[in-house]
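Just below is one structure, and these are the notes that go with it.
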Amino acid sequence: MSVDLSVDVGGLRLANPFIAASGCFGYGLEYDEVVDLSTLGGVAVKGLFLEPREGHPPVRIVETPSGMLNAIGLQGIGARRFVADKLPVLRDRGAVVIVNICGSTVDEYAEIARILEDADGVGAIELNISCPNISKGGMMFGSSLQGTHDVVSAVRRVTTRPLIPKLTPNVADVASFALAARDAGADAVSLVNTFLAMAIDVETRRPKLSNIVGGLSGPAIRPIAVRMVHECRQAAPDLPIIGMGGIMTAEDALEFIIAGATAVQVGTANFVDPFVWDKLRDGLVAYLRRHAISSVAALVGTLDTTRG
Amino acid sequence: MSVDLSVDVGGLRLANPFIAASGCFGYGLEYDEVVDLSTLGGVAVKGLFLEPREGHPPVRIVETPSGMLNAIGLQGIGARRFVADKLPVLRDRGAVVIVNICGSTVDEYAEIARILEDADGVGAIELNISCPNISKGGMMFGSSLQGTHDVVSAVRRVTTRPLIPKLTPNVADVASFALAARDAGADAVSLVNTFLAMAIDVETRRPKLSNIVGGLSGPAIRPIAVRMVHECRQAAPDLPIIGMGGIMTAEDALEFIIAGATAVQVGTANFVDPFVWDKLRDGLVAYLRRHAISSVAALVGTLDTTRG
Amino acid sequence: MPVDVDAVVLSNTQLSHDYNSVTLAAPQLADQAEPGQFVMVKATAGDHPLLRRPFSVFEIQRDGDGRATGFSLLNTRVGVTTRAIYGLRRGDRVRCLGPLGRPFSLATPPAQAWMVAGGVGLAPFATLATSLRARQVDTTLFYGGRSAADLFYADMFGALGVHVRLSTDDGSRGDHGNVTVPLRAAFASIDRGSPLRLYACGPTPMMRAVTDLAASEGRNTDVSLEQIMGCGLGGCYSCVVPLRSAAGTHFVRSCLAGPIFDGSAVDWERLGR
Amino acid sequence: MPVDVDAVVLSNTQLSHDYNSVTLAAPQLADQAEPGQFVMVKATAGDHPLLRRPFSVFEIQRDGDGRATGFSLLNTRVGVTTRAIYGLRRGDRVRCLGPLGRPFSLATPPAQAWMVAGGVGLAPFATLATSLRARQVDTTLFYGGRSAADLFYADMFGALGVHVRLSTDDGSRGDHGNVTVPLRAAFASIDRGSPLRLYACGPTPMMRAVTDLAASEGRNTDVSLEQIMGCGLGGCYSCVVPLRSAAGTHFVRSCLAGPIFDGSAVDWERLGR
Ligand SMILES: Cc1cc2nc3c(=O)[nH]c(=O)nc-3n(C[C@H](O)[C@H](O)[C@H](O)COP(=O)(O)OP(=O)(O)OC[C@H]3O[C@@H](n4cnc5c(N)ncnc54)[C@H](O)[C@@H]3O)c2cc1C
Ligand SMILES: Cc1cc2nc3c(=O)[nH]c(=O)nc-3n(C[C@H](O)[C@H](O)[C@H](O)COP(=O)(O)OP(=O)(O)OC[C@H]3O[C@@H](n4cnc5c(N)ncnc54)[C@H](O)[C@@H]3O)c2cc1C
Ligand SMILES: Cc1cc2nc3c(=O)[nH]c(=O)nc-3n(C[C@H](O)[C@H](O)[C@H](O)COP(=O)(O)O)c2cc1C
Ligand SMILES: Cc1cc2nc3c(=O)[nH]c(=O)nc-3n(C[C@H](O)[C@H](O)[C@H](O)COP(=O)(O)O)c2cc1C
Ligand code: FES
Ligand code: FES
C-alpha cells in the first residue's frame, strides 16, 4: 500500500511532516555529511537576529530527567550573512527552509522579514516569539496577546511567505495565543518552544547554567506539549499546527499528529541520534500501512475523545 | 556535628522539611505499616471536598518519560468523615497533618475550613486551588488572580491555622499568584501542583486516561518547579514556600531549598519507594555536615546567582 | 508487613520468545507471601521506567528445612519492565516490595477448587494449588494458551496432584478453543449442588467470560484483576475497580481490597482497558 | 564521514576503582579515526541519560593484516554514562557516533613532541604517539596522576618508543607534585630555539597551567578541551570555547573547530567550569 506523507502547512508544502527544529540543527549544513537534507520535510534554521550575536558563555546546556535545559542565547551569524552564505547552499541541497527569526523590537522582526522577502529559497518564516533565554525580545512578545498580535501583524505586512509564529508554553492558555496569532494574519502556528526552567548545583549553590535559567526540551515535556497542541486544535480547527516537544520516535510524532498537528519538529532527538530522520519516516509509513490510512493528512486531529 | 532539621513554615513547625505530598500518600494511615508517621516533617493528606467523591473511572494514571500523568479526580471520603475517622488516628500516630482541601465554590472551601477549625490535630490547611483534573473548582480558582484572592481571603476569615494555598504551574507568572495569595492572607504557599498534560494511545487514537487530560508529576517537571520556586522567592522573600515537583533524592530537595523553599513535599517518589523518607533525611544531614551548615533554615534561599 | 528487598537474581529461564521465569533470593519476603499476593517490582535503575510494576508471586523457593529462601516470577513481555525482566541475568538485582494485597480465601474440603488460567494468569495459581493441596482440596487447573508452546508448567501442577485441563486457541494441545470450552464441559459433568470454588486469572475478557459462565451455573468466581498500579500500597488511588454493591457502584482500591474480587460484583464495563 | 555504530563490547578491563578501558568492535569507525578525534557515546538504552557523551578514541585495534577492527575507550567514573561504561559487560552494545572533531596537527622531525597528560587526559595520546612515532618524531609523555595506582598504560607508551616522565601528587611514583614539575625541568634542559610541539589534555586548571608555563618559555600548547557537548556535530552550540582573536573574543564550537585549540587563544576565565 502506497501512503502519502506530504502535508501542506498554511501554504508550505512538505514532502513529509518531519522538520528539524530550530536551534537543534544549526543552519542545516552542519548535517550535510550525515543527512540528505532534501529527505527532510523541512529545516527550521537556528534563530536569527538582524545582527550577529555571541550568545551566553558556557555552561549552556545541562541534562535533566528525560530532558535538557539550554541557554544558548541565540548565538548566530545574523540575517544578512545567513542569506548570503547559508541560504544558497541550503537551496542547492534541496532543503525546504523555514527561517526562524527573532527580534528585540517589533521593527527588528519586520526588518528581518523584509530581508528574507528578497531572498530566494525561504519556504516559510517562523516567528520566534518564545525564546526564554534572552533578556529582550522572544518570549517577551510571545507571553502577551498584544505582543503576539503586534509582531505577527507587523511581519504579515511585509511578507508573502507562509508565516508561522512559534508559541511559548509558558502561558496559562496557549490556545488564546494561537487565536491571537491567527487573527493577526498567521498562516499556521508552531508549538511548543521550551519551558523556562533551572537546575542548581547543590555543592556550589549556584545555577548550573551561566544564564541562571534555560529552556527545558526533550521527552520530559512531551505530555504537556501534546495537551497544548490538542487545545489549539480544539480552539482553532482550521489553523494548521506544527507540533513539537520531546519527539523521539514515530509513535511520539503520531501523538502530535493525532492531537492535531499537521507537521512536527524534532529537536533534542536529533542530538541523541542524527540519523533519526529515516527511522521517523519508516515508522510513520509502517503505522499508516498497518492502519490502512492512505495519507498523513487524513490522520491529523483524529483523536477520539468520546468515552469508550 | 549536630544539625537542626526543624523548620517553621508560616507558623507550622516541622521536625524536618520532608512532607508527604497530597494525593500521593492516601490519608497517611495506608502507610502505617511501612513508615513511622511521626518521623515525617508532615503529612499532606489527599485532597478533600466537603462531600465524598467517586473520582474518575480507570485508567487513572499513565507513565510518561521520567514522570506520570494522573487523573484521579479527587476520589475521597469528604471532610466530615476525614475528621471523624482519620484525623484522630493520625494525631495518635504523632503525624503533623496538613489538610488539603478543595471546593467547587468559594463557600465550599470556607465550609470545609470551618469544619477543620473545630477539629483537633490540624497542623495547617493547604488550599488546593490547582488540581487540574476536575471540571469545577481547583485550578479554576488557582489560574485567576481574583479567584486565588477570593478563596484565600474567604478561608482566612474562618481559620486560625496556618493557611497554605497550593499554586498551579499552569500559569504564565506564578510569582504574581504567590503575591496575590500573600496579600489575601496566606501564611505560606506551596508549589507546584501538576502540569496539565495528556498522552495518546496511537493504536486506538484515544487518550490514555479516561479523563482525557491529567496532571504531570515526577522528575520530568523538576527543573520547571525549581525555577518557579526561585521566582516566588525573588518576588516575595518573606513568604515561606513549600516546594515540590519531582523530588526523588535529598539532592533534589536541596535544589528546592537552596532556591527558596523552607520545606518540600514529596509525591511521586513515594510511589517508587515508600521507604524514601529515611534516605531523604539521611542525605540532608550528610549534606549539612559536609558543608558545615548547622541548620536547614540557614540554607533556605541561599542560591548564589552572581556570575562566577 | 511488606518489605522492600534488593533481590539477587538466581536464575532466569526463558520459556519462549515472550515468557520467562526468574528466581529471586528474598527469604523475608517469600516467607510472608500468601497465595494471590503480589510484589511491586523495579527491575531497572533510574527513571526508565519510573514506577514499579505489580507481579504475582509465582513459586516459593525453600531450602532443605522447608524455610523460604526466595520466590520466582512468571513474566511475559509486554513493555519496558517486562522486557527488562525477560533479559535479567544471574547476579542482577531487582527491587521487590511485598507481599502486598489480600490473599485468596482458600476452599476447604469437601469443596472442590477450579483454577482457571489464561496465559501469564497462571502465576498466582502455583502457590494457591500448593495451599489447596496441603488441605487436601480436590483441585483442577483449566489452563488456556494460544498454542501448545504457550502452556508452561502444566506438569508441575500435575505433580502437585492437580487435575490439569488444557486448551489452546489453535487446538495444538488439549481442547480446541479458549479455556471456557473445557470449563463448560466440566460444569456439565458436576452436580449443581456440589460445593465448588472458582478462581480465575488471565486476560480481562477471559475473566469476565468465566465469571459469566460460572454465574449461569449459579457459581461465584474469584477473579485476580490486573489493574494498573502506581504504588501498591493504597497511596495513589490509581488501581481502582468499580464494584457494585447495594449502595451503588464504588471505586475500590485493588492493591488494598484486591487484587482478588468476586467477579459478579465487578462492573466490567467501567474497569478500564 | 561520521558513522553511528552499535558497537559490541569485546572486553572491559577495570584498571582501578574509577578507571577502566573498554574495547569495542567498530571497524568502520576505527578505520577513519585520527589522533585527537572523539566519539559521541550512548551507553544505555532509554532516556537515562538522554544525551550522548564525548569520549576520545583511545587505542585502535587492528587485525593481523593491520586492518582496523575496533577501538577502545579509556574511561573514568564521574556520572551516569561513565558509571555505565565502567560496568559494561562483554557482549553489551554501545552506540558510538564518530569519528568527530578535528585531529591533532602532527609534529614533524626535527621537532620534538611533548604530550602532557593528567588522569584520563591520557586518552587521546595513544593514537597521537603512534602517529608521531610512525613519523619518527622524538616524543615524550609527561603523565601526572594522584598516586602511582593512577598511572595506567605508562609501559605501553614506553613500548612505542616514547620517553615517559611520571609525576604523582603524593610522590608515590615519579616526581612529587603535579605534571608541571617534570615539565619545568624539561624546559630547563632544552634549548629555547629547538623545535618543539606541545600537546596537553587533562583537567582544565592543568591545561591552563601548562599553557602558561609553555608560553613563558615562548612555546604554544595544543590543548584538548573537554567542553560539555550536546550533539558533537555542530547542531546545538552548547560546546563553545571563548577564543581570543584580533577581532575580539568569539564563541567557537568545540565539536567542529576543536576539541583541540591553541591554548594561548583560549579565554580560560570564560570557559565554564
Ligand atoms: C496484581 C497483579 C499481578 C500481576 N502479575 C503478573 C505476573 O505475575 N506476570 C506478568 O507478566 N504480569 C503480571 N501482571 C501484569 C504486569 O503488571 C504488567 O504486564 C506490567 O505492569 C507491564 O509493565 P511494562 O513496563 O512491561 O509495560 P508498559 O511499558 O508499562 O506498558 C505495556 C502495556 O501494558 C499496560 N500496563 C502497564 N502497566 C500495567 C499494570 N500495572 N498492570 C496492567 N497493565 C499494565 C500498558 O497500558 C501497556 O498497554 C500483574 C498485574 C497485577 C495488577
Ligand atoms: C572531546 C572530549 C573527549 C573526552 N574524552 C574522554 C575520555 O576519553 N575518557 C573520559 O573518561 N572522559 C572523557 N571526556 C569527558 C567525558 O565526556 C565526561 O566525563 C562525561 O561526559 C561525563 O558524563 P557522565 O554521564 O558520566 O556524567 P554526568 O552525570 O553527566 O555529570 C557528571 C559531571 O561531569 C560533568 N559533565 C557532564 N557532561 C560532560 C561533558 N560532556 N564534558 C565534560 N564534563 C561533563 C557534569 O557537569 C558533572 O559535573 C571527554 C570530553 C570531551 C569533550
Ligand atoms: C539547544 C537548543 C536551541 C534552541 N534554539 C532555538 C531557536 O533558536 N529558536 C527557536 O525557536 N527554538 C529553539 N529551540 C527550541 C526547539 O526548536 C524546540 O521548540 C524545543 O527544543 C522542543 O522540541 P524538542 O523537545 O524536540 O527539542 C532550541 C532548543 C534547544 C534544545
Ligand atoms: C496520583 C496523584 C494524586 C494527587 N492528588 C493531589 C491532591 O489530591 N491534592 C493536591 O493538592 N495535589 C495532588 N497531587 C499533586 C501532588 O501533591 C504534587 O503537587 C505533584 O505530584 C508534584 O510532586 P511530585 O512530582 O513529587 O509528585 C497529586 C499527585 C499525584 C501524582
Ligand atoms: S496502586 Fe496506588 S492505591 Fe492502589
Ligand atoms: S556539541 Fe553541539 S554544537 Fe558542539
Side-chain angles (χ1 to χ4, degrees), chain A residues 20-35 43 45-47 52-76 201 203-204 206 208-210 214 217-220 222 246 248 267-276, chain D residues 1-6 32 40-54 79-81 95-100 204 225-243 247-257 266-273:
Chain A
S22 178
C24 303
F25 205 67
Y27 298 110
L29 300 170
E30 288 87 344
Y31 287 85
D32 216 10
E33 276 200 338
V34 290
V35 198
V43 174
V45 296
K46 199 169 161 42
R53 281 171 69 97
E54 278 300 322
H56 300 306
V59 174
R60 288 179 167 189
I61 65 168
V62 52
E63 195 170 320
T64 64
S66 297
M68 60 177 284
L69 306 186
N70 87 79
I72 308 298
L74 287 166
Q75 175 172 355
D201 182 332
E203 296 303 320
T204 61
R206 302 170 60 85
K208 287 187 176 175
L209 294 171
S210 77
S217 64
R222 191 168 60 232
M248 305 298 280
T268 304
N270 175 63
F271 300 154
V272 182
D273 179 5
F275 296 94
V276 70
Chain D
M1 226 178 65
V3 291
D4 188 19
V5 294
D6 207 20
Q32 297 182 63
M40 292 294 288
V41 170
K42 186 124 174 49
T44 51
D47 294 345
H48 184 70
L50 182 62
L51 299 173
R52 300 187 186 223
R53 299 288 190 272
V80 47
T81 291
R95 284 213 82 88
C96 298
L97 174 70
L100 301 169
T204 302
L225 297 179
E226 296 205 348
Q227 295 303 84
I228 290 177
M229 290 184 174
C231 71
L233 284 170
C236 73
Y237 283 70
S238 67
C239 60
V240 292
V241 170
L243 275 198
T249 300
H250 290 292
F251 289 124
V252 173
R253 282 169 288 181
S254 183
C255 63
L256 296 184
V266 172
D267 181 347
W268 295 94
E269 293 297 331
R270 299 175 70 208
L271 193 56
R273 304 143 320 151

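Excluded from the calculations below are hydrogen atoms, water molecules and symmetry mates; all remaining heavy atoms, backbone and side chain alike, are included. Residue numbers start from 1 in every chain, and the chains themselves are labelled A, B, ... in the order their sequence lines are given, proteins ahead of strands.
Contact of D:H48 with chain A is not made at all, since no heavy-atom distance falls under 4.5 Å. Heavy atoms of D:L233 lying under 4.5 Å from chain A belong to its backbone as well as its side chain. Neither the backbone nor the side chain of D:M40 comes within contact range of chain A; no heavy atom of the residue lies under 4.5 Å from a heavy atom of that chain. Heavy atoms of A:S210 lying under 4.5 Å from chain D are absent altogether.
Put simply, of A:G267, A:G26, A:P65, the one with the most heavy-atom pairs under 4.5 Å next to chain D is A:G26.
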Worked check of salt bridge (Lys or Arg N to Asp or Glu O under 4.0 Å) between A:E63 and D:R52: CA-CA 10 Å; A:E63 195 170 320; D:R52 300 187 186 223; over 6 Å; no
D:M1 and A:V34: CA distance, side-chain angles, deciding distance, side-chain contact (heavy atoms from CB on, under 4.5 Å) verdict: CA-CA 7 Å; D:M1 226 178 65; A:V34 290; 5.9 Å; no
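Minimum heavy-atom separation, A:Y31 to D:G235: OH-CA, 3.4 Å. When every heavy atom of D:V240 is checked against every heavy atom of A:P58, the shortest pair comes out as O-CG, 3.4 Å. Of all heavy-atom pairs spanning A:I72 and D:C236, the tightest one is CD1-O, 3.2 Å. Shown here for A:P57 and D:R270, the closest heavy-atom pair between the two residues is CB-O, 4.5 Å.
Residues A:F275 and D:L97 have side chains in contact (heavy-atom distance under 4.5 Å, counting atoms from C-beta outward). Within the 4.5 Å cutoff, the side chain of A:P219 has heavy atoms near those of the D:L50 side chain. At least one side-chain heavy atom of D:L51 sits less than 4.5 Å from a side-chain heavy atom of A:M68. Inter-residue side-chain proximity for D:F251 and A:R60 is flagged as met; some heavy-atom pair is nearer than 4.5 Å. Taking 4.5 Å as the limit, every side-chain heavy atom of A:N270 sits out of range of all side-chain heavy atoms of D:C231.
One finds the NZ atom of D:K42 at 10.0 Å from the CG atom of A:D273 (value rounded to the nearest 0.5 Å).
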